[in-house]
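See structure below.
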Amino acid sequence: MNNPSVAVLMSTYNGEDYLAEQINSILNQTYQNIHLFIRDDGSTDNTMSIIEEFIRNPKVSVIKSGDNLGYKNSFLMLLKTVVDLKKNYKYFSFSDQDDVWLKDKILVSIKKLEKDDSKYRIYFSGLTFVDSTLNKLKIKDDSNIRTTFPAEMVRHSVSGATSVFSRDLAELAVKYKEVQKLPGGHDEFIFRLNAALGGHFFADKNNYIKFRRHEDNASSATKGLLFKIMQEFNRKDGSVVITAQFLRTYYKKNLTASTFQEIEMLLNYNKGFKSKWLLLKNKKFRRENSLMNIIFFYRVIFSKL
C-alpha cells in the first residue's frame, strides 16, 4: 500500500465539552499521513480557545471565518477550501466535534480504498453509540445497506463521520456553489452523487467511531426512533426532487444511463396517478428497511418528495 495523504475536515460549533478528546483521537491515529483542518462556525463558548491549543501542531490547520453558515454549509465551505489548496490530498474524511475515533479508523479505510482504482469511491462503516461518558449504548451496523442511486434517494442513512472518499468525488461535489442551497446534509449529497456517478462503495462490518449521544448533537442520528419517524413523515422540503433536478442540471454528462432514467422518474412522479404508480412499483426504489420504504411510499402518494 502506498502512503496517500488524507485531509480530515472538522466543523465546530460550541463544542467545548468534548472537542479536545476528539482532536486527540484524530491526531493519535496509527495512520499518520493525515492533516486536520478545522473551521469554527461562529462559536460563542470556549471552542476557539481549545482549538488554539492545537495550532502549533504541524498536522492541524484552522480555517478562519467568523460567519455562521450552519452545519451543512460549514462542512461544504471547508471541503471547497481544502480541495482548492496547492497540496493535493488524495482522500477526505469528515469529523464531528464530539466523537472519539478508534486508532485504526483511517488506516482501515485507506487499505480498502487503495485496492480500487475507480475515480469515485467512498468507504463507510457503522457506529458504536455511546453516552456522554463513552459508555456503550448500542451498535449500528451499516454493512448491508443498499447504496444504489434509487436506494439513496429513498433514504440516506449512513453517518458522514464514518466516511472517507476520493479526491475526484470531493472535487465534483463542490464544483458548483449552488450545492449550498440544497436541502439535506453535506454527506447525504456526496453519497447520492457517488451513487449517481456509478461510484464504488466500500462498507465495513466493523466500526471505528464512538458516536456520542447528548443533548447538543447537531446531527439527527442521536434522536429517538419516534422523533425520526415523525420527522420523515412531516418532511416537506422537496429534497428528493430538488436533488434530482440539481444532479440533472449540473452533472448530466457524468451520470450513468440508468441514473438519468431514474432521475426522470423522480422529476415526473407528481404528474399524475400513473407516474406515481410507476415509481412505487419500481423495486429499485427500495431500502433494506421496511419502515424506510413505507415512509417513501407515503411521501410519493402525498407528493412530499
Side-chain angles (χ1 to χ4, degrees), residues 4-107 109-110 127 130-134 159-165 167 170 174 180 185-187 208-219 221-222:
S5 56
V6 182
V8 179
L9 311 179
M10 176 188 289
S11 175
T12 60
Y13 182 75
N14 290 350
E16 62 181 3
D17 290 341
Y18 312 109
L19 180 57
E21 187 175 16
Q22 170 63 338
I23 291 175
N24 281 318
S25 77
I26 294 170
L27 297 178
N28 291 327
Q29 290 288 297
T30 52
Y31 189 85
Q32 280 291 296
N33 193 10
I34 63 174
H35 196 95
L36 173 61
F37 294 89
I38 306 174
R39 180 190 181 274
D40 186 68
D41 199 33
S43 293
T44 57
D45 64 357
N46 292 318
T47 294
M48 277 307 302
S49 296
I50 295 170
I51 292 172
E52 288 169 359
E53 294 176 5
F54 293 90
I55 287 179
R56 293 183 180 180
N57 190 309
K59 291 184 178 292
V60 177
S61 295
V62 178
I63 307 300
K64 294 186 177 180
S65 173
D67 297 334
N68 182 269
L69 302 178
Y71 182 65
K72 178 194 77 174
N73 285 334
S74 182
F75 271 111
L76 289 175
M77 179 182 178
L78 185 53
L79 179 58
K80 174 64 174 173
T81 300
V82 178
V83 162
D84 288 345
L85 293 176
K86 290 183 180 180
K87 179 168 182 177
N88 288 334
Y89 292 92
K90 187 172 182 180
Y91 296 107
F92 295 81
S93 177
F94 293 127
S95 168
D96 291 338
Q97 65 184 2
D98 47 10
D99 302 333
V100 172
W101 286 8
L102 302 189
K103 64 179 182 178
D104 290 335
K105 178 187 183 300
I106 296 296
L107 177 63
S109 63
I110 297 305
L127 301 162
V130 297
D131 63 18
S132 60
T133 55
L134 300 181
S159 170
T162 73
S163 66
V164 181
F165 51 98
R167 179 176 186 84
V174 291
Q180 298 177 16
H186 55 288
D187 49 345
Y208 303 89
I209 290 185
K210 294 182 180 181
F211 192 85
R212 271 195 175 96
R213 301 186 73 161
H214 57 89
E215 293 180 355
D216 298 326
N217 280 112
S219 169
T222 62

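The shown structure was predicted, so the numbers you read here are calculated from the model rather than taken from an experiment.
Between the CG atom in Leu9 and the NZ atom in Lys80 there is a gap of 14.0 Å [rounded to 0.5 Å]. Note that CG of Leu79 is 11.5 Å distant from OG of Ser74, once rounded to the nearest 0.5 Å. Interatomic distance, CG of Asp45 versus CD of Glu16, reported as 4.0 Å (0.5 Å rounding). Considering OH of Tyr18 and OG1 of Thr12, their distance stands at 15.5 Å, rounded to 0.5 Å. If you take NZ on Lys105 and CD1 on Ile209, they are separated by 4.5 Å, rounding to the nearest 0.5 Å.
Defined by atom type and a distance below 3.5 Å, a donor-acceptor pair is present between the side-chain atoms of Gln22 and Ser25. In summary, the side chains of Asn33 and Ser5 do not present any donor paired with an acceptor at a separation below 3.5 Å, with no hydrogens or angles considered. Counted by atom type alone, Gln97 and Ser11 present zero donor-acceptor pairs between their side chains at under 3.5 Å.
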| field | Stepwise side chain to side chain contact (heavy atoms under 4.5 Å, CB included) test for Phe54 and Lys59 | value | CA-CA 9 Å; Phe54 293 90; Lys59 291 184 178 292; over 6 Å; no
| message | Before you tell me yes or no, could you show the steps for Asn28 and Lys103 under side chain to side chain contact (heavy atoms under 4.5 Å, CB included), namely the whole-Å CA-CA distance, both residues' side-chain angles and the distance that decides it to 0.1 Å? | response | CA-CA 6 Å; Asn28 291 327; Lys103 64 179 182 178; over 6 Å; no
| message | Walk me through whether Ile23 and Ile38 qualify under side chain to side chain contact (heavy atoms under 4.5 Å, CB included). | response | CA-CA 10 Å; Ile23 291 175; Ile38 306 174; 3.9 Å; yes
| request: May I have the step-by-step check of side chain to side chain contact (heavy atoms under 4.5 Å, CB included) for Val6 and Phe92, ending in yes or no? | output: CA-CA 6 Å; Val6 182; Phe92 295 81; over 6 Å; no
| task | Let me see the working for Glu21 and Arg212 under salt bridge (charged side-chain N to carboxylate O under 4.0 Å, His left out), right down to the final yes or no. | result | CA-CA 12 Å; Glu21 187 175 16; Arg212 271 195 175 96; 2.6 Å; yes
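Each of Leu127, Asp131, Asp98, Val130 was scored for a side chain to side chain contact (heavy atoms under 4.5 Å, CB included) with Lys210, with one residue passing: Val130. For the side chain to side chain contact (heavy atoms under 4.5 Å, CB included) with Met10, the qualifying choice from Ile26, Asp96, Ile51, Ile63 is Ile26, the only one to do so.
When every heavy atom of Arg39 is checked against every heavy atom of Asp41, the shortest pair comes out as NH1-OD1, 2.8 Å. Shortest non-hydrogen contact noted between Trp101 and Phe94 is CZ2-O, 3.6 Å. Here the closest heavy-atom approach between residue Leu69 and residue Met77 is recorded as CD1-SD, 3.3 Å. Of all the heavy atoms in Ile110 and Pro4, the pair that sits closest is CG2-CG, 3.6 Å. Across every non-hydrogen atom of Asp40 and Met48, the tightest pair is CB-SD, 3.5 Å. When all heavy atoms are compared, the tightest approach of Tyr13 to Thr47 is C-OG1, 4.5 Å.
Using bins of under 30°, 30° to 60° and over 60° for the plane-to-plane angle, the ring pair Phe37/Tyr89 lands in the perpendicular bin.
Put simply, the side chain of Asn88 reaches to within 4.5 Å of the side chain of Arg167, judged on heavy atoms.
Looking only at distances, a side-chain donor or acceptor of Ser159 sits under 3.5 Å from a matching main-chain atom of Ala161. Between the side chain of Asn73 and the backbone N or O of Gln180 there is at least one donor-acceptor pair closer than 3.5 Å.
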